[in-house]
Enquirer: 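Supplied in C-alpha cells, the structure appears directly below.
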Amino acid sequence: MLALSLPYIGGLPSGPLNAISDVAGVTVGHSTLAQDAIQTGVTVIRPHGGDPFRNKVPAAAVVFNGFGKSIGLVQMQELGVLETPLALTNTMSVGAIATAQISAAIAANPEIGRSDPTVNPLVFECNDGYLNDIQAMAVTAEHYQQALDSAAAEFSQGAVGAGRGMSCFDLKGGIGSASRYAKIGGQQYCVGALVLANFGKLPALTLAGQRVGAQLLAARNQPCKPDGETPEMGSIIMIVATDAPLDARQLGRLAARCGIGLGRTGSIYGHGSGDLALAFSTAQTIPYRPLEAVRHTAILHDNLLDPLFEAVVDSTEQAIVNALFAAETVTGRDGHQRQSLYDMAADQII
C-alpha cells in the first residue's frame with residue numbers, strides 16, 4: 001500500500017525554499033482571478049531585480065511538442081537572451097500580456113522603438129478553458145502589473161496566478177516549483193524549476209515511480225488505462241533558472257533535460273499538448289548598449305554538466321509533483337470541477 005504523501009524526488013539537496021527563487025535574485029509574482037466562471041490569472045518570473053531590457057540574461061528554449069501559442073520564442077532563440085520578465089497565462093490572454101510587457105518596458109525605457117531597438121516580449125501559455133471562461137479574455141495589463149509588482153522570493157503554488165484554471169492528469173494542476181543543488185569541482189550551483197502544469201491523463205499519473213493514477217481509478221472501479229482515442233489536450237511550461245555560468249547553447253542542453261522529469265510523471269507529449277522548456281542563467285548579464293562593457297564570466301566546460309542535468313531532471317519532476325500537492329479543488333465554468341489530488345484520495349488509502 002502507498003500512503004498519499006508528498007515524495008522527495010532524487011538524492012540531491014534542495015535550497016531552503018525548494019523553489020526557483022533559491023537561485024539568488026529570481027522572484028515570482030501572481031495575479032489570480034477566481035470568481036464564478038473566471039478562473040485564471042498571470043504569473044511573472046523576474047530573472048533579477050533590475051531591468052532585463054537593459055541587463056539581459058542568457059537563455060534558450062526547447063519545444064518538445066509545439067501545440068502552443070507563445071510569443072517571443074523566435075528572437076529569443078536567435079539572440080539567446082531574455083529582455084523582459086517571463087510571463088505565464090492562458091492561451092487567449094497572450095496578446096494582452098505581451099502588450100503589457102511592451103508598455104512596461106517603454107515606460108522604463110522611453111527610447112524603445114525609437115533610438116533604441118524594439119523589445120521582445122516573452123509570454124508562455126496553457127489552455128485553461130475547461131475551468132475558465134477563456135473567451136472572456138479577462139486577464140488585462142493591470143493583472144500583469146500586479147503580478148510583476150508582487151514578485152518575491154516566497155510565493156504561493158498550486159491554483160494561483162496562471163495556474164488557477166489549469167488541470168493536470170484530470171486533477172487540479174497549476175503552479176509548482178522546486179530546486180536542487182549540484183556540486184561541480186568543489187563549487188555548489190543552484191538549479192530551480194517552475195512549471196505551469198496542465199497536461200496528462202489520470203491513468204498515467206506516476207509519483208516517484210508509483211502508478212498512483214491507476215491505483216486511484218482501481219479503488220473507484222474505473223478503467224485504469226487511457227482510452228487511446230481522445231487526444232491529450234493539455235500543455236506544460238517548464239522554466240529553469242541557474243546561477244551556474246553557462247552560455248545559451250549550454251542552457252538549451254539544460255532545457256532539454258526537463259523532458260526527462262516530465263516523462264517520469266507519466267507524460268507522453270500528447271498530440272494536443274504544448275510542451276515547452278526554457279532555461280536561463282543569472283551568472284552574468286549582457287548590456288543592451290553595444291558600447292557598454294560586458295562582464296565576462298568563464299563558462300563551465302561541457303564535460304562538467306552532468307550534475308546540472310541531474311538537478312534539472314529532479315527539480316522539474318519535483319515541481320510537477322508539488323503543483324499537484326499544492327492545488328486545491330476548483331469549480332469554474334458551467335460547473336466544471338477539477339478535484340485536488342488530496343480530495344480525490346480523501347476516502348481512499350492508496
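This is a predicted model, so every value here is computed, not measured.
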Enquirer: Applying side chain to side chain donor-acceptor pair (under 3.5 Å), which residue pairs with at least one partner in residues 183-199 are found, sequence neighbours left out?
Expert: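 Applying side chain to side chain donor-acceptor pair (under 3.5 Å) to every pair that reaches into residues 183-199, excluding sequence neighbours, yields nothing.
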
Enquirer: Between Asp22 and Leu17, is there a donor-acceptor pair closer than 3.5 Å when you use the side chain of the first and the backbone of the second?
Expert: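 Answer holds: yes.
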
Enquirer: Which donor-acceptor pairs under 3.5 Å do the side chains of residues 68-79 make with protein atoms, sequence neighbours left out?
Expert:
from	atom 1	to	atom 2	distance (Å)
Gln77	OE1	Ala61	N	2.9
Gln77	NE2	Ala61	O	2.8

Enquirer: Is there a side-chain contact between Phe155 and Ser177, using heavy atoms and a 4.5 Å cut-off?
Expert: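 The answer is yes; the side chains approach within 4.5 Å.
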
Enquirer: Would you list the pairs meeting ring pair (Phe, Tyr, Trp, His ring centres under 6.0 Å) in which at least one residue belongs to residues 49-68, sequence neighbours left out?
Expert: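 As it turns out, the ring pair (Phe, Tyr, Trp, His ring centres under 6.0 Å) pairs with a partner in residues 49-68, which skip direct neighbours, are Phe53-Tyr288, Phe64-Tyr269, Phe67-His271.
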
Enquirer: Could you list all the ring pair (Phe, Tyr, Trp, His ring centres under 6.0 Å) pairs where at least one residue sits in residues 95-137, not counting sequence neighbours?
Expert: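 Applying ring pair (Phe, Tyr, Trp, His ring centres under 6.0 Å) to every pair that reaches into residues 95-137, excluding sequence neighbours, yields Tyr130-His336.
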
Enquirer: Answer yes or no: is there a donor N or O on one side and an acceptor on the other, between the side chain of Ser31 and the main chain of Gly161, under 3.5 Å?
Expert: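 Answer holds: no.
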
Enquirer: Given 3.5 Å as the limit, does a donor-acceptor pair link the side chain of Asp275 with the main chain of Ser235, or not?
Expert: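 Judged by distance alone, no pair lies under 3.5 Å.
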
Enquirer: Would a distance-only check, ignoring hydrogens and angles, find a side-chain to backbone donor-acceptor pair under 3.5 Å from Ser281 to Pro245?
Expert: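 Checked: no pair found.
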
Enquirer: Side chains of residues 6-16: which donor-acceptor partners sit under 3.5 Å, not counting sequence neighbours?
Expert:
from	atom 1	to	atom 2	distance (Å)
Tyr8	OH	Leu12	O	2.6
Tyr8	OH	Ser14	N	3.0
Tyr8	OH	Arg180	NE	3.4

Enquirer: If you look only at pairs with a residue in residues 311-337, which of them pass as a salt bridge (charged side-chain N to carboxylate O under 4.0 Å, His left out), with sequence neighbours excluded?
Expert: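 Residue pairs passing salt bridge (charged side-chain N to carboxylate O under 4.0 Å, His left out), neighbours aside: Arg164-Glu328, Arg264-Asp314, Arg264-Glu317.
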
Enquirer: One pair to check against side chain to side chain contact (heavy atoms under 4.5 Å, CB included): Thr329 and Arg338. What are the steps and the verdict?
Expert: CA-CA 6 Å; Thr329 295; Arg338 288 298 192 202; over 6 Å; no

Enquirer: Using only atom types and a distance under 3.5 Å, with no angle test, would you say the side chain of Asp133 pairs donor to acceptor with the backbone of Ala37?
Expert: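 Side chain of Asp133 to backbone of Ala37: no pair is present.
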
Enquirer: Below 3.5 Å, can you tabulate the donor-acceptor pairs from side chains in residues 112-119 to any protein atom, sequence neighbours excluded?
Expert:
from	atom 1	to	atom 2	distance (Å)
Ser115	OG	Glu111	OE1	2.8

Enquirer: Give a yes or no answer on whether the side chain of Ser93 reaches the backbone of Ala96 with a donor-acceptor pair at less than 3.5 Å.
Expert: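 The answer is no, because no donor-acceptor pair under 3.5 Å joins these two groups.
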
Enquirer: Kindly state each residue pair satisfying ring pair (Phe, Tyr, Trp, His ring centres under 6.0 Å) with at least one member in residues 299-331, sequence neighbours excluded.
Expert: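 For residues 299-331: Phe325-Tyr342.
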
Enquirer: Could you list the residues that satisfy side-chain contact (heavy atoms from CB on, under 4.5 Å) with Ala327, not counting sequence neighbours?
Expert: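 Scan of Ala327 (side-chain contact (heavy atoms from CB on, under 4.5 Å), adjacent residues dropped) gives Lys172.
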
Enquirer: Could you identify which residues cluster with Val313, counting Ile, Leu, Val, Met, Phe, Trp and Tyr as linked when any side-chain heavy atoms lie under 4.5 Å apart, either directly or through a chain of such contacts?
Expert: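 Taking Ile, Leu, Val, Met, Phe, Trp and Tyr as members, Val313 shares its hydrophobic cluster with Ile260.
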
Enquirer: Give every residue pair that meets the salt bridge (charged side-chain N to carboxylate O under 4.0 Å, His left out) criterion with at least one member in residues 301-311, sequence neighbours excluded.
Expert: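 For residues 301-311, and leaving out neighbouring residues, the salt bridge (charged side-chain N to carboxylate O under 4.0 Å, His left out) pairs sorted by first residue read Arg249-Asp302, Arg253-Asp302.
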
Enquirer: Applying the side chain to side chain contact (heavy atoms under 4.5 Å, CB included) criterion to Val330, which one of Gln339, Gln337, Gln39 satisfies it?
Expert: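 Option passing the side chain to side chain contact (heavy atoms under 4.5 Å, CB included) with Val330: Gln39.
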
Enquirer: Judged by modelled atom types alone, do Ser273 and Asn65 share a side-chain donor-acceptor pair under 3.5 Å?
Expert: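 Note: Ser273 and Asn65 side chains miss the donor-acceptor criterion.
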
Enquirer: By ring-ring contact (aromatic ring centres under 6.0 Å, His included), which residues pair with Phe169, not counting sequence neighbours?
Expert: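 Phe199.
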
Enquirer: Of all heavy-atom pairs between Leu254 and Ala279, which one has the smallest distance, and what is that distance?
Expert: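 Minimum heavy-atom separation between Leu254 and Ala279: CB-CB, 4.3 Å.
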
Enquirer: Nearest 0.5 Å, what's the CG-CD1 distance between Leu88 and Ile97?
Expert: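 Between Leu88 CG and Ile97 CD1, I get 10.0 Å after rounding to 0.5 Å.
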
